[in-house]
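Since the structure is predicted, the reported quantities are computational estimates derived from the model, not experimental observations. All chains are named by letter (A, B, ...) in the order of the sequence lines, taking the proteins before the strands, and each is independently numbered beginning at 1.
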Amino acid sequence: MQGVIELEEGELDLHKTMQCGQTFSWQKVSGEPFFDESSSNEKYYTTVDGEVVILWKEGENLHYETSGDISRNIGSFFRLHEPLDEVLGDIQRDDIMEEAVEEHRGLRLVNDEFVPTLISYLCSPQMRIPRIKEMVDSITEKYGTEIEYDGTKYNQFPSLYELSDVSERELRRMGLGYRAKYVKSAIRHLIKGKVKEEELNEMGYKGAHEEIQKINGVGDKVADCVLLFSLGYLEAFPLDTWSWSAIEEHYPDHHHEDYHTTADNLRDYFGEYAGYAQQYLFHHMREQED
DNA sequence: GACCAGGTAGCAA
DNA sequence: TTGCTACATGGT
């Protein structure tokens, strides 16, 4: 299955969306290292419903190819149904955000699959972004079933069933460190159905943010990342180290020692698309660093 | 060798 | 509630 989604200029910067550190669920078709400043015209793939989804840009348009039918439409991977102009117009409430938006227009929020996103962010504490990607790739290669399509093999993130027998020791050997026990217990938790994606989808932001923290290793920040990048809770404002220092410096009136108070302040300030504001700010701060 | 990385759990006060 | 601290590993 192939097709083209016609886009206006600035509607989707695929490179930035992939490279800004929000997603660990996509890979390059070329097999080249994922994080690479220079490679701006790559083909990326992920897997959904046991099928491969390949995407690339030609001019402004987004081209896609899938190995078979999938339950999602292509635009949903980057929330293309949301009019970016309106979203960005809404969050540009000060000079900092004006600057971030002007600089990075076209950056989209991903809408990745729930389980891979949860496991990725369970690996994230005290880790650099490229290393998180390496860990997720290792898990994918070691436990996932490859999909062969059109003569090429594609890596697929393992199912919960495929992960059910993985031991904490194996995960540690793969470099996860103390995060191994988080991943192991999360897998058990999900298989037992103690936390269900469908329920998280229905209980609203506050409820879902609390509920998902029943998983060991999920705190306020990881919860917000999973809610934002895989469950579509756009009011989530993950407060990581970058965001904290940015808020402290640029939004002192909203800054507070307490996570919830600060995040609530920012939600009040930025509104329903606070998650977009967070991602633009996060990317902007990281870009300015180097 | 310190120091640090998209934090969290566990424990004391 | 709030305030420590340990936690694994690899890169600079």
Next on the checklist: Using whole Å, what does the distance between atom P of nucleotide B:dG7 and atom CD1 of A:I132 come to?
Outcome noted: 8 Å

Checklist entry - Taking the same atom, P, in B:dG1 and in C:dA8, what whole-Å distance lies between them? => result 22 Å

Next on the checklist: Taking any heavy-atom pair under 4.0 Å as a contact, classify A:F229: base, sugar-phosphate, or nothing.
Outcome noted: base

Checklist outcome for this item: Between NZ of A:K221 and C1' of B:dT8 the distance, given in whole Å, is 11 Å

Checklist entry - Donor-acceptor pair under 3.5 Å: do we get one between A:R172's side chain and the base of C:dA8? => result no

Checklist entry - Do A:Y259 and B:dG7 share a donor-acceptor pair, side chain to base, under 3.5 Å? => result no

Item to check | Interatomic distance at P, C:dA6 relative to B:dC3, whole Å | outcome: 14 Å

Next on the checklist: Can you tell me if A:R131 touches the phosphate of C:dT9, counting only side-chain N or O atoms and a distance under 4.0 Å to OP1 or OP2?
Outcome noted: no

Checklist entry - Of all the choices, B:dT8, B:dG6, C:dC7, which nucleotide is nearest to the side chain of A:Y182 once you look at every atom? => result B:dT8

Next on the checklist: In whole Å, I'd like the distance from the CD1 atom of A:I129 to the C1' atom of B:dG7.
Outcome noted: 14 Å

Checklist entry - With a non-hydrogen cut-off below 4.0 angstrom, is A:Q279 in contact with a base, only sugar-phosphate, or nothing? => result base

Next on the checklist: So A:Q22, base contact, sugar-phosphate only, or nothing? Heavy-atom distance under 4.0 Å.
Outcome noted: base

Checklist entry - When you check the phosphate oxygens OP1 and OP2 of B:dA5, does a side-chain N or O of A:T241 lie under 4.0 Å from one of them? => result no

Next on the checklist: Just the rounded figure in Å: distance from P of C:dC7 to OH of A:Y178.
Outcome noted: 11 Å

Checklist outcome for this item: Sorted by position of nearest nucleotide on DNA chain B, 5' first, the leading residue of A:R179 and A:G219 is A:R179

Item to check | A:D69 atom CG, neighbour heavy-atom count above 12 within 6.0 Å | outcome: no

Next on the checklist: Would you say A:E103 and A:H284 are linked by a side-chain donor-acceptor pair, where the criterion is simply a distance under 3.5 Å?
Outcome noted: no

Next on the checklist: Distance check needed: B:dG6 P versus A:R286 CZ, whole Å only.
Outcome noted: 6 Å

Item to check | Nearest-Å distance for atom pair NZ/P, residues A:K133 and B:dA5 | outcome: 22 Å

Checklist entry - So what does A:G217 hit on the nucleic acid, given a heavy-atom distance under 4.0 Å: a base, only sugar-phosphate, or nothing? => result sugar-phosphate

Item to check | Sole candidate of A:V183, A:V222, A:L171 that passes side-chain contact (heavy atoms from CB on, under 4.5 Å) when paired with A:C123 | outcome: A:V183

Checklist entry - Of all the nucleotides listed (B:dG6, B:dG7, C:dT9), which has the minimum atom distance to the side chain of A:M127? => result C:dT9

Checklist entry - Just how far, in rounded Å, is C1' of B:dG7 from CG of A:D220? => result 10 Å

Checklist entry - With a centroid cutoff of 5.5 Å and a plane-angle limit of 30°, would you call A:F282 stacked on B:dG6? => result yes

Checklist entry - Taking atom CD of A:E210 as the centre, does the number of heavy atoms from other residues, nucleotides or ligands within less than 6.0 Å exceed 12? => result no

Item to check | B:dT8 and C:dG10, which share atom name P, separated by this distance in whole Å | outcome: 22 Å

Checklist entry - What is the distance, rounded to the nearest whole Å, between atom CZ of A:R173 and atom C1' of C:dT9? => result 16 Å

Next on the checklist: Just checking A:E8: does its CD atom have more than 12 heavy atoms from other residues, nucleotides or ligands closer to it than 6.0 angstrom?
Outcome noted: no

Checklist entry - In terms of ring plane angle, is the pair A:H209 and A:Y259 parallel, tilted or perpendicular, where the classes change at 30° and 60°? => result parallel

Next on the checklist: Say we look at B:dG6 and C:dG3: how far apart would their P atoms be, to the nearest angstrom?
Outcome noted: 25 Å

